[in-house]
Protein chains: 2
Amino acid sequence: MVSAGYDELVETRELRYFVAVAEELHFGRAAQRLTMAQPPLSRAIQQLERRLGVVLLHRTARAIALTDAGSVLLREARTALDAVEAAERRTRRAAADQPGVVLAAKAGASRELLSKLLDAYAAEPGAVAVEVMLCGPGEPENLLHKGRADVALLHRPYDTTAGFDSEDLHTEQQVAVLPAGHPLANRANVSLAEVNALTDLPLPRWPGRDGSYPDGPGPQVRDHTQLFQLIALGLACAVVPESLRNQLSDDHAIVPMPDAPTVTTVIAWPPHSKSKAVAKLVRTATRL
Amino acid sequence: MVSAGYDELVETRELRYFVAVAEELHFGRAAQRLTMAQPPLSRAIQQLERRLGVVLLHRTARAIALTDAGSVLLREARTALDAVEAAERRTRRAAADQPGVVLAAKAGASRELLSKLLDAYAAEPGAVAVEVMLCGPGEPENLLHKGRADVALLHRPYDTTAGFDSEDLHTEQQVAVLPAGHPLANRANVSLAEVNALTDLPLPRWPGRDGSYPDGPGPQVRDHTQLFQLIALGLACAVVPESLRNQLSDDHAIVPMPDAPTVTTVIAWPPHSKSKAVAKLVRTATRL
DNA sequence: CACGACCAATACCCTCGCGGTATCGCTGCC
DNA sequence: GGCAGCGATACCGCGAGGGTATTGGTCGTG
C-alpha cells in the first residue's frame, strides 16, 4: 500500500480567503483585495469555521479580531500557501528546457563571497546557468519558501534558517560605521552600549517581513547604499559586518565592535531538495 | 501594505488527485482510491496540466509514467498537502480547551530517556499534559509534518531532521546483537564488515516511508520487540544503539562495534513553533 | 436621544465547475 | 482478427460558490 490518503482537506481558496480577512481584519477590504464581493467572503469564512469546528474570529459588529486558534491558522495557512506556491513554481521550472538555478541574496551583502562563489561554480564541469536574485532584507527566506529561489545566502542572526538545510560559510565581526570626523571615529573600538547611546546619530530602521517599518527615531532604509549615504551625510550610524567595508568611502569611519554579535554567512536551501545543481553549488560554496 | 497576495493558486483537490494518480500510475485505481469515477479524474489532471502549462504524465494508452516535472510535483505536492493538513490539525488543537502536547517517539527507542524526560517535565511548574505517541520507524517525521505531533524524538542518522528545528540530546555507540552462543558472541568487538558477512544471520529489513519493505534476504520487522525475538530464535542479527541493551534477555549476546556510526538522539519540532509548552519540553530535555 | 454611518450577516438568484454515465479509440495480447 | 484493458471524449445534471439587494446591530455625533 502507498502513503496515507489526504481526505477532505481544506481548499487553498478557503485558506487564501482566511489569510486576507485575518490580515485586513475587515471583510470589506479583504473582499476588495480578493476582487470579490463581501457577502460570499463572509459565508466562506463561516463555512470554514463550521468545517473546522473552530471559531476563528471574534465579531463585534464594529470590528473583528483573531481568536487564538485564528492566529494559529493564520501562521499555518501562510506556510501551507507558501508550500503550494512553491510546488507550482518548482514544477514549472522543472519543465523549463533550460534548468537554471536561482540564487537569492540580499543586495549589497557578501558581495565578494558571492562573486567568488559564482566564479568558482561556473568553472565546475557541468555547471548550469545561475540567476542571481538580489533582494531586500528578510526577503530571501520568503523566496525560498515560495519556490521563487532554489538557494539563498543568509546572514545569522539577522536572517533565520529555520526550516531549511544550510551550511555555514563564513563568520565575521561587526563594525560600527560612523560619519568621518565623528568624535568616536578614532577610537580603537566601541561597545554596543556606546553606539546605542548616540542620540544624535540614530540607528536606522529596517522594514519588517511585512514591509512596514517599526516605530523609532532612526531613518527608514531599504538597503545598504541608502544607509551608507545617510551615514556620510551625518544622519545615522550603523553596525554592520566588516566585509561591507569595501563599499564605504572616505566619508565613512569604521570602528571595531568587539562585543557585537558575530555574523555568519550561510548558504541555505529547501529540505529534500533533489536538485543536482543546488548540491554542486553548495559544495562549491563550502570549499571556498 | 501587507504580505503579497496568493493569486490563482492550485487547489488542494487538484494536488490530491495528482498525488493519487502519480502513486497508482493508473487512473482507474486512483479514481477508486478517491471514491470517484475515472473520467472526471482524467479531466482534472488534464486541466491541471493546462493550468500549469506543464506535461506531468507520459501517456502510452497502455500505461502512464511520470515526467521529470511530474515527479517534482509529486514530491512538492506531498509536502504542500502535509502543510495544509498540519494547518488544519494545529488549528483544531489550538481551539481545544485542554491544550496538551503530543510527543512522537519510535516504540522501544530511547525508553529510559523518554521516561526521564516525562518525569522531569511533569515536575516543571505550569507543565501541561503530554500525550506520547509511539510509532514505527520513519513515522515521527511524518507525524510532525502533518501536525499530528508537536515534538518528536528522532535518531540520526536513521531519521532525518531536515526541515525541523532540533536539539541534540544524547550520542551513543552502536552494538551488535547476536543470539547467545553465537561464535562471535564472546568477541571483545566486531566490525561492520564482519556483521554484514554473516550470511547465516541476515540483518532485518525495516519498512520504508511508504510502508513497503526493500528486497533482500533478511526477515521483515516492524519494531524492536519483533527484532529481538527473531534474534533470540537465531534467525537474525542486528546493529542497534547500546541503550537498547536493557530490553534484551539472556538469549541475546552483545558485542561492541567501534566502527559503526554513532547514533544521536535529538528532539525536533516544526520551525516557527510558538507553543510555549513545546519550548519548555525542549528546554527540559536539553537539561537532562 | 435620534439619526446616520459603518459593517457583518442574511435572503435570494444565477451561473458554471465538477462529478456521473455512456461510449469511443487506441494498443497490446491470445 | 477479436477481445480485453485503459484513457479520452461526449453529454448531462446538480450544487457549490459568487453577485446584488437588504437587514440588523452598534458606534459616533449634532
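We name chains A, B, ... by the order of the sequence lines, and we start the count at 1 in each one. Just the heavy atoms: all of them, side chains too, but no hydrogens, waters or symmetry mates, feed the values below.
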Notebook entry, point to check: Hey, which of Glu14(A), Glu11(A), Arg13(A) is the one that makes side chain to side chain donor-acceptor pair (under 3.5 Å) with Thr12(B)?
Noted result: Glu11(A)
Notebook entry, point to check: Heavy atoms under 4.0 Å, any strand shown: does Gln46(A) hit a base, just sugar-phosphate, or nothing?
Noted result: sugar-phosphate
Next item on the list: Send over the distance from Glu14(B) CD to dG17(C) P, rounded to a whole Å.
Entry: 12 Å
Next item on the list: Let me know the distance between CG of Leu34(B) and C1' of dC18(C), rounded to the nearest Å.
Entry: 14 Å
Each nucleotide N or O in nucleotides 5-7 of chain C that has a protein N or O under 3.5 Å away: list the pair and distance.
residue	atom	partner	partner atom	Å
dC6(C)	O2	Arg62(A)	NH1	3.0
dC7(C)	OP1	His26(A)	NE2	3.3
dC7(C)	O5'	His26(A)	NE2	3.3

Check: Taking CZ from Phe18(B) and P from dG7(D), how many angstroms apart are they, rounded to a whole number?
Finding: 14 Å
Next item on the list: With heavy atoms under 4.0 Å as the rule, sort Arg43(A) into base, sugar-phosphate or nothing.
Entry: base
Item checked: Integer-rounded Å distance: dA8(C) P and Ile45(A) CD1 -> 11 Å
Next item on the list: Answer yes or no: does atom CZ of Arg92(A) have more than 12 heavy-atom neighbours from other residues, nucleotides or ligands under 6.0 Å?
Entry: yes
Checklist line | Nearest-nucleotide 5' precedence on DNA chain D, Pro40(B) against Thr60(A) | finding: Pro40(B)
Next item on the list: Please state how far atom NE2 in His58(A) lies from atom C1' in dT26(D), giving the value in whole angstrom units.
Entry: 18 Å
Margin query: Using a 3.5 Å distance criterion without hydrogens, assess whether the side chain of Gln38(B) forms a donor-acceptor pair with backbone atoms of Gly28(B).
Written below: no
Notebook entry, point to check: Just by modelled atom types, is the Ala31(B) backbone N or O under 3.5 Å from a matching donor or acceptor in the Thr35(B) side chain?
Noted result: no
Item checked: Between dG15(D) (P) and Glu11(A) (CD): distance, integer Å -> 19 Å
Notebook entry, point to check: Can you find a side chain N or O atom of Ser42(A) that sits less than 4.0 Å from OP1 or OP2 on dA8(C)?
Noted result: no
Notebook entry, point to check: Would a 4.5 Å heavy-atom cut-off, applied to side chains only, mark Leu52(B) and Val10(B) as touching?
Noted result: yes
Notebook entry, point to check: Within the structure shown, what part of the strands sits under 4.0 Å from Gln47(A) by heavy-atom distance: base, sugar-phosphate, or nothing?
Noted result: sugar-phosphate
Notebook entry, point to check: Between dA8(D), dA9(C), dG18(D), which one does the side chain of Gln38(A) approach most closely?
Noted result: dA9(C)
Next item on the list: Could you check how far CG of Leu41(B) sits from P of dT21(C), rounded to whole Å?
Entry: 14 Å
Margin query: I'd like to know if the side chain of Lys280(A) and the backbone of Pro125(A) have a donor-acceptor N/O pair within less than 3.5 Å.
Written below: yes
Next item on the list: Could you check whether the rings of His224(A) and Trp206(A) sit parallel, tilted or perpendicular, using 30° and 60° as the cut-offs?
Entry: perpendicular
Margin query: What is the separation between atom CD on Gln32(B) and atom P on dG19(C), rounded to the nearest whole Å?
Written below: 17 Å
